[in-house]
Asker: 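Got a structure for you, written out below as structure tokens; questions coming shortly.
Chain A is the first sequence line, chain B the second, and so forth, proteins listed ahead of strands; every chain is numbered from 1.
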There are 2 protein chains.
Amino acid sequence: MADTAAASRTARARSWWGWGWADEHPDDAACAALGALLPGTLARPLPVPRVADLRIARPAVEPPPSLAHLVTDDPEARAAHAMGKAYRDVIRALRGRPGRIPDLVARPADDQDVADLLEWAGGRGVAVIPYGGGSSVTGGVEYRGDAHRAVLSLDLTTMDRVWEVDPESRAARIQAGVLGPPLENQLRPHGLTLRHFPQSFEFSTLGGWLATRAGGHYATVHTHIDDFVQSLRVVTPAGAGTSWQVPASGAGPSPDRLFLGSEGALGVITEAWMRLQERPHHRASASVRFADFGAALRAVRAIAQSGLSPANCRLLDPGEAALSGAARDGSSLLVLGFESAAVPVDAALAQALDLARAHGGTPSSGAGPRGDEAVDAWRAAFLRMPYLRDGLARMGAVVETFETAATWTRLPALIDAVRAEVGAAARAATGHPATVNCRLTHVYPDGAAPYFTVLAGGRPGDEVAVWDHLKDVATDVLHRHHATITHHHAVGRDHRPGYDRQRPEPFALALRAAKTALDPQGILNPGVLVD
Amino acid sequence: MADTAAASRTARARSWWGWGWADEHPDDAACAALGALLPGTLARPLPVPRVADLRIARPAVEPPPSLAHLVTDDPEARAAHAMGKAYRDVIRALRGRPGRIPDLVARPADDQDVADLLEWAGGRGVAVIPYGGGSSVTGGVEYRGDAHRAVLSLDLTTMDRVWEVDPESRAARIQAGVLGPPLENQLRPHGLTLRHFPQSFEFSTLGGWLATRAGGHYATVHTHIDDFVQSLRVVTPAGAGTSWQVPASGAGPSPDRLFLGSEGALGVITEAWMRLQERPHHRASASVRFADFGAALRAVRAIAQSGLSPANCRLLDPGEAALSGAARDGSSLLVLGFESAAVPVDAALAQALDLARAHGGTPSSGAGPRGDEAVDAWRAAFLRMPYLRDGLARMGAVVETFETAATWTRLPALIDAVRAEVGAAARAATGHPATVNCRLTHVYPDGAAPYFTVLAGGRPGDEVAVWDHLKDVATDVLHRHHATITHHHAVGRDHRPGYDRQRPEPFALALRAAKTALDPQGILNPGVLVD
């Protein structure tokens with residue numbers, strides 16, 4: 001089997017059980033300080049879990065000699081590939097009850113390796129879980145059930161190269177296993193950028209973004225990674241194929257759109273031609289305060305319908321603004337940003353600020369080309385947030401997010417209902433105060449994507465049950481208000497109940513048929529999207 | 001059976017064999033004058049064909065009494081539904097050899113009618129060809145072969161209502177059978193517009209646009225109807241379903257994107273929630289002349305990559321500019337237009353014109369808010385063109401268009417190769433001079449969609465064979481230059497050879513499986529997309 005020493009020699013260690021870098025995690029004292037902010041948390045943080053304390057069974061299968069160099073049964077690697085990074089995943093690790101540990105972790109070097117591993121797994125009844133950065137927050141990279149003889153985590157991160165750059169058409173052919181920073185590092189010498197910056201940028205891969213339809217940097221127009229795809233290469237148990245690298249096509253239903261969002265259930269995306277951009281030379285950003293959240297929603301709608309297309313247009317409600325340190329006076333805060341490689345954007349920002357003022361907003365005096373303090377505070381908090389969540393999880397708190405999208409017409413009542421119903425359920429379930437904050441992450445002419453943060457003292461020991469109950473309440477509210485089960489977090493396993501209710505039946509029939517045709521043995525990420 | 005007298009009582013008659021309105025067709029003298037411009041055409045125009053001269057067999061099936069009120073076997077209706085409006089269709093009608101005449105034409109009034117007709121057809125082995133405006137130019141609405149007992153043309157145009165308008169979210173629920181003008185007429189009182197204006201606007205339906213991924217008004221960003229879809233309702237032989245009306249979703253592969261472009265092979269789109277816009281209050285347009293087509297391409301690329309997003313950005317090569325009367329001095333002509341409901345667009349036009357000047361362009365002095373003479377000339381010619389094509393067809397000329405899309409990197413060589421190879425093939429096949437003109441209809445940061453017009457004296461009597469040969473040559477050139485078989489004309493039956501070569505095999509497997517699941521009896525538009 002392969003030596004994983006190289007991975008462990010990296011200068012900075014990833015946390016096997018929590019978000020991101022191990023050395024970024026709050027220490028015990030910091031966790032305790034966080035927990036002290038919430039009634040009903042533990043007196044001391046749960047200890048950082050150790051792989052050595054898990055009872056990890058011997059693998060149920062061995063790879064054939066021809067593939068052994070790609071595969072490891074190292075316990076640390078297996079534990080790190082057992083789950084994603086949702087709150088319920090972190091709690092399960094902290095409580096010593098992680099999801100099923102995969103028997104093996106494979107790191108293919110190229111398409112042929114992927115095809116060979118799929119063929120071997122198909123012949124042995126081994127489930128294959130495609131794995132990029134492992135940052136799923138919807139149970140997308142774990143195995144549940146026992147219908148398969150063994151589980152193989154297919155870690156694509158060795159396939160991390162930018163193969164070709166076409167500067168004239170601004171596109172590149174990129175392997176799917178590359179993480180965000182090394183991807184941008186390989187594009188930088190060409191003066192180009194993908195500019196896809198999800199919160200998980202450091203810890204997620206191009207293939208993961210594509211397979212989950214990740215939401216990215218842009219708050220308007222090209223909000224999902226989907227829009228930057230020229231062509232995909234997919235390896236399936238029934239064969240491999242590549243769509244043509246063209247700027248647009250009307251030849252039948254888009255082949256790429258079937259695999260975008262397929263979450264590893266139809267095939268393994270191994271590379272893609274992606275549309276790139278020049279790095280922006282012109283930038284302008286500002287923040288706008290609103291005394292009234294309803295007025296702020298109307299302002300954002302006016303901006304979203306104006307055609308001005310800001311790159312950043314995030315609205316924080318008073319709780320979210322306070323939590324991030326961006327505004328502590330009870331205001332709602334709108335963070336606006338424009339950018340362009342070609343033309344100045346100050347006039348566009350000024351037009352958007354006029355629309356905000358017309359709806360009662362007060363732009364910050366610090367608005368300027370590099371943004372202002374509120375913008376900076378929000379950005380720093382945004383990247384820090386998952387680490388704080390894990391610190392609070394160690395204190396037994398309930399702290400998690402979920403997101404959706406709905407039309408402008410439905411949005412105010414939806415947001416009110418989520419706050420009221422999920423808040424009440426959290427208070428009832430924990431016996432402690434609970435807050436539900438909201439921000440808009442992406443906006444459209446016809447609606448927006450609200451992102452909710454739930455924060456409550458816990459019912460230590462029952463964290464997963466409490467959260468699963470709150471999630472059921474949230475799913476029911478979303479369903480009644482005709483809001484999608486997810487805007488950019490994918491379905492995974494955790495969103496299946498909402499997804500199954502939402503998906504139109506003809507598409508369900510087509511998807512099941514496609515799954516059977518491409519994955520006849522049913523080995524690919526069983527349980528996501530379809531049974 | 002239903003009385004079709006109502007249809008024939010309309011004030012203005014559609015041509016059963018050619019484009020659009022019968023009274024817009026050039027008369028014999030005008031046809032002769034057109035033909036005189038090309039060597040190798042007929043001395044006199046082929047006569048306008050009459051349905052009475054066709055030998056139309058009695059229908060091979062009768063509808064059941066419960067559906068008889070929806071169905072007609074009127075010969076005029078049957079002949080008018082036999083084919084689309086490609087050059088090869090017009091020629092076949094002129095030569096008295098139309099495609100297979102459908103046995104029956106049905107006009108369902110609602111979803112239940114559609115479902116009932118599909119159920120009846122499935123039980124009888126009757127092929128069902130969904131039919132909107134009948135403007136297909138790729139053989140999308142005709143039956144070929146003899147695998148079915150009978151053929152039913154399913155004309156959706158009775159389902160022509162806008163059911164609901166949501167002004168706050170700028171969306172409307174619209175029946176699929178509505179033609180362009182009545183659609184806009186129903187939206188106008190709300191101050192809203194779909195702004196989808198294909199060349200076939202008067203003669204095509206919302207459902208047809210959706211099923212064929214039609215290209216529309218906008219030359220940049222939202223170039224296809226796909227981008228304006230919130231939700232689709234689809235009736236299939238295996239059941240009906242509606243996707244959720246949300247501004248965006250990341251819940252699995254997009255269900256709508258499987259049916260967009262499905263060309264009636266997977267189901268019948270019966271209604272859609274569509275994104276609308278306010279009518280633009282601000283407009284600015286101009287034309288720019290270039291002495292060199294290569295320089296014009298570079299200018300258009302700079303504009304397409306600038307993020308300025310003009311609504312109109314069409315580049316005519318010298319032949320196309322002369323043909324439309326927009327420029328007769330050997331220049332290439334770029335037609336630029338900006339529009340907005342919210343903010344002035346003069347600055348954006350000025351920035352685009354600066355980019356054009358930097359690449360050697362000369363903006364017209366007549367640039368202004370309503371455009372200039374070259375723009376007007378081009379627009380008038382654009383709408384008149386299909387009628388002139390039919391006039392030339394009556395003279396036995398070879399005159400047809402095809403379109404594609406390719407990256408900027410591949411575009412110059414592609415355009416040169418099409419001009420050279422298709423031109424040479426046309427000269428060889430007809431023994432006469434031939435011209436191949438090019439314009440760019442839609443542009444992207446990573447490439448553009450060229451539209452080619454072939455014009456040659458004919459080989460009267462062999463028009464279809466000559467054109468099919470030229471199309472084979474064109475398909476081969478597109479394939480070698482990695483250009484899609486179609487950017488917005490759909491696949492139909494005429495594009496199958498190119499489509500089958502282009503489609504990635506995993507998607508082909510998935511599409512065939514979806515077809516079998518949704519249309520188990522194989523009655524829906526047999527022959528398009530899959531066999």
Asker: When only pairs under 4.5 Å are counted, which of Gly492(A), Ala347(A), Gly215(A), Ala251(A) shares the most heavy-atom pairs with chain B?
Answerer: Ala251(A)
Asker: On a heavy-atom basis, which atom in Leu411(B) and which in Leu440(B) lie closest, and how many Å separate them?
Answerer: CD2-CD2, 4.3 Å
Asker: For the residue pair Thr409(A) / Ser169(B), report whether a side-chain donor-acceptor contact shorter than 3.5 Å exists.
Answerer: yes
Asker: With respect to chain A, which residue among Leu529(B), Val343(B), Val491(B) yields the maximal number of heavy-atom pairs within a distance under 4.5 Å?
Answerer: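 Most pairs with chain A among the choices: Val343(B).
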Asker: Run the side chain to side chain donor-acceptor pair (under 3.5 Å) check on Tyr451(A) and Thr404(A) step by step: do they pass?
Answerer: CA-CA 7 Å; Tyr451(A) 197 104; Thr404(A) 182; over 6 Å; no
Asker: Treating Thr212(A) as the side-chain partner and Gly208(A) as the backbone partner, does any N or O pair qualify as donor plus acceptor under 3.5 Å?
Answerer: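 Yes.
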Asker: Quick check on Ala448(B) against chain A: is it the side chain, the backbone, both or neither that has a heavy atom closer than 4.5 Å?
Answerer: backbone
Asker: Given a strict heavy-atom distance threshold of 4.5 Å, which part of His479(B) is in contact with chain A: side chain, backbone, both, or neither?
Answerer: both
Asker: So does Val246(B) get a backbone contact from the side chain of Trp273(B), meaning a donor-acceptor N/O pair under 3.5 Å?
Answerer: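 Looks like no, no N/O pair under 3.5 Å.
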Asker: Please classify the contact between Ser340(B) and chain A as side chain, backbone, both or neither, with a heavy-atom cut-off of under 4.5 Å.
Answerer: side chain
Asker: For the interface with chain A, which of Pro167(B), Gly261(B), Ala265(B) has the highest count of heavy-atom pairs at distances below 4.5 Å?
Answerer: Gly261(B)
Asker: Please rank Ala517(B), Ala214(B), Ala341(B), Ala406(B) by heavy-atom pairs under 4.5 Å with chain A and give me the top one.
Answerer: Ala406(B)
Asker: Which answer fits Leu509(B), side chain, backbone, both or neither, if we ask what part of it has an atom under 4.5 Å from a heavy atom of chain A?
Answerer: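 Both parts, heavy atoms under 4.5 Å.
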Asker: Sort Leu258(A) into side chain, backbone, both or neither according to what part of it lies under 4.5 angstrom from a heavy atom of chain B.
Answerer: both
Asker: Between Gln245(A) and chain B, with a heavy-atom cut-off of 4.5 Å, which part of the residue counts as in contact: side chain, backbone, both or neither?
Answerer: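 For Gln245(A), heavy atoms of backbone and side chain both lie under 4.5 Å from chain B.
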Asker: Classify the side-chain pair Gln351(A)/Ser306(A) by whether it contains a donor and acceptor separated by less than 3.5 Å.
Answerer: no
Asker: Given 3.5 Å as the limit, does a donor-acceptor pair link the side chain of Thr220(B) with the main chain of Pro310(B), or not?
Answerer: yes
Asker: Report yes if some heavy atom in the side chain of Trp408(B) is under 4.5 Å from a heavy atom in the side chain of Val300(B); otherwise report no.
Answerer: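 With C-beta onward as the side chain, the pair touches.
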Asker: Over all heavy atoms of both residues, which pair between Leu414(B) and Pro450(B) is shortest? Give the atoms and the distance, please.
Answerer: CD2-CG, 4.2 Å
Asker: With a 4.5 Å heavy-atom cut-off (strictly below), which parts of residues 236-243 of chain B touch chain A? List them by number.
Answerer: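 Interface residues of residues 236-243 of chain B: Thr236(B), Ala238(B), Gly239(B), Ala240(B), Gly241(B), Thr242(B), Ser243(B).
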Asker: Pick one of side chain, backbone, both or neither for Val221(B), based on which atoms fall under 4.5 Å of a heavy atom in chain A.
Answerer: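 For Val221(B), side-chain heavy atoms alone lie under 4.5 Å from chain A.
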Asker: Check whether any side-chain N or O of Trp209(B) sits under 3.5 Å from a backbone N or O of Gly216(B) as a donor-acceptor pair, and report yes or no.
Answerer: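 No; zero donor-acceptor contacts below 3.5 Å.
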Asker: Can you check whether Arg493(A) reaches Asn525(A) side chain to side chain, under 4.5 Å on heavy atoms?
Answerer: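 Heavy-atom side-chain distance check passes, below 4.5 Å.
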Asker: In terms of heavy-atom pairs under 4.5 Å, which option from Gly307(A), Pro445(A), Gly447(A), Ala248(A) contacts chain B the most?
Answerer: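 Greatest number of close heavy-atom pairs with chain B: Ala248(A).
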Asker: Report which part of Arg503(B) has an atom under 4.5 Å of a heavy atom belonging to chain A: side chain, backbone, both, or neither.
Answerer: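 Looking at Arg503(B), nothing touches chain A.
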Asker: Below 4.5 Å from any heavy atom of chain A, which atoms of Ile485(B) appear? Answer side chain, backbone, both or neither.
Answerer: side chain
Asker: Could you look at Ala171(B) and say if it's the side chain, the backbone, both or neither that has a heavy atom under 4.5 Å from chain A?
Answerer: neither
Asker: How close do Val234(A) and Gly267(A) get, counting heavy atoms only, and between which atoms?
Answerer: CG1-CA, 3.9 Å
Asker: With respect to chain A, which residue among Pro253(B), Ala342(B), Pro255(B) yields the maximal number of heavy-atom pairs within a distance under 4.5 Å?
Answerer: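 Most pairs with chain A among the choices: Pro253(B).
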Asker: Is any side-chain N of the basic residue among Asp446(B) and Arg170(A) closer than 4.0 Å to the acidic one's carboxylate O?
Answerer: no
Asker: Could you go through Glu263(A) and Arg213(A), starting from their C-alpha distance and side-chain angles, then the distance that decides it, and tell me whether this counts as salt bridge (Lys or Arg N to Asp or Glu O under 4.0 Å)?
Answerer: CA-CA 9 Å; Glu263(A) 305 191 17; Arg213(A) 302 179 65 193; over 6 Å; no
Asker: Distance only, no hydrogens: is a donor on one side chain within 3.5 Å (strictly under) of an acceptor on the other, for Asp494(A) and Thr138(A)?
Answerer: no
Asker: Salt-bridge test for Arg512(B) and Glu505(B): reply yes if a basic N is under 4.0 Å from a carboxylate O, no otherwise.
Answerer: yes
Asker: Between Arg275(B), Gln502(B), Glu278(B), which residue shows the highest count of heavy-atom pairs closer than 4.5 Å to chain A?
Answerer: Gln502(B)
Asker: Look at His482(B), His488(B), His487(B) and state which one has the largest set of heavy-atom pairs under 4.5 Å with chain A.
Answerer: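 Of the candidates given, the most pairs with chain A belong to His482(B).
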Asker: If I measure from the heavy atoms of chain A, does Ala449(B) come under 4.5 Å with its side chain, its backbone, both, or neither?
Answerer: neither
Asker: Side chain, backbone, both or neither: which part of Pro506(B) has a heavy atom under 4.5 Å from chain A?
Answerer: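 Looking at Pro506(B), backbone and side chain both touch chain A.
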Asker: Verify, without hydrogens or angle tests, whether Lys515(B) (side chain) and Ala510(A) (backbone) share a donor-acceptor contact under 3.5 angstrom.
Answerer: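 Checking the backbone N and O of Ala510(A) against the side chain of Lys515(B), no donor-acceptor pair under 3.5 Å is found.
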Asker: Pick one of side chain, backbone, both or neither for Arg301(B), based on which atoms fall under 4.5 Å of a heavy atom in chain A.
Answerer: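 Contact with chain A involves the side chain of Arg301(B) alone.
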Asker: Identify which part of Arg257(B) has an atom lying under 4.5 Å from any heavy atom of chain A, answering side chain, backbone, both or neither.
Answerer: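 Both parts, backbone and side chain.
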Asker: Is the shortest heavy-atom distance from the side chain of Leu511(B) to the side chain of Leu266(B) under 4.5 Å?
Answerer: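 Yes. Closest side-chain heavy atoms under 4.5 Å.
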Asker: Assess the residue pair Thr486(B) and Glu403(B) against the criterion (side chain to side chain donor-acceptor pair (under 3.5 Å)); give the C-alpha distance rounded to whole Å, side-chain angles, the decisive distance to 0.1 Å, and a yes or no.
Answerer: CA-CA 6 Å; Thr486(B) 178; Glu403(B) 38 80 74; 2.7 Å; yes
Asker: Using heavy-atom distances under 4.5 Å, tell me whether Ala483(B) contacts chain A through its side chain, its backbone, both, or neither.
Answerer: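 Only the backbone of Ala483(B) comes within 4.5 Å of chain A.
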Asker: Any luck finding a side-chain donor-acceptor pair between Ser309(B) and Tyr218(B) under 3.5 Å?
Answerer: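 No, no side-chain donor-acceptor contact under 3.5 Å.
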Asker: Flag the one option from Ala405(A), Ala508(A), Gly252(A) with the top tally of heavy-atom pairs under 4.5 Å to chain B.
Answerer: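 The option with the most such pairs is Gly252(A).
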Asker: Suppose a student defines contact as a heavy atom less than 4.5 Å from any heavy atom of chain B. Which residues in residues 224-233 of chain A would they list?
Answerer: His224(A), Gln230(A)
Asker: Go through Val235(A), Leu355(A), Thr223(A), Asp166(A) and name the one with the most non-hydrogen pairs under 4.5 angstrom from chain B.
Answerer: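 Most heavy-atom pairs within the cutoff with chain B belong to Asp166(A).
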Asker: Using a 4.5 Å cut-off on heavy atoms from C-beta on, say whether the side chain of Leu118(A) contacts that of Asp519(A).
Answerer: no
Asker: Which bit of Leu308(B) comes within less than 4.5 Å of chain A, counting heavy atoms only: side chain, backbone, both or neither?
Answerer: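 Side chain only.
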Asker: So which atom in Ile269(A) and which in Phe259(A) form the shortest heavy-atom distance, rounded to 0.1 Å?
Answerer: CD1-O, 4.0 Å
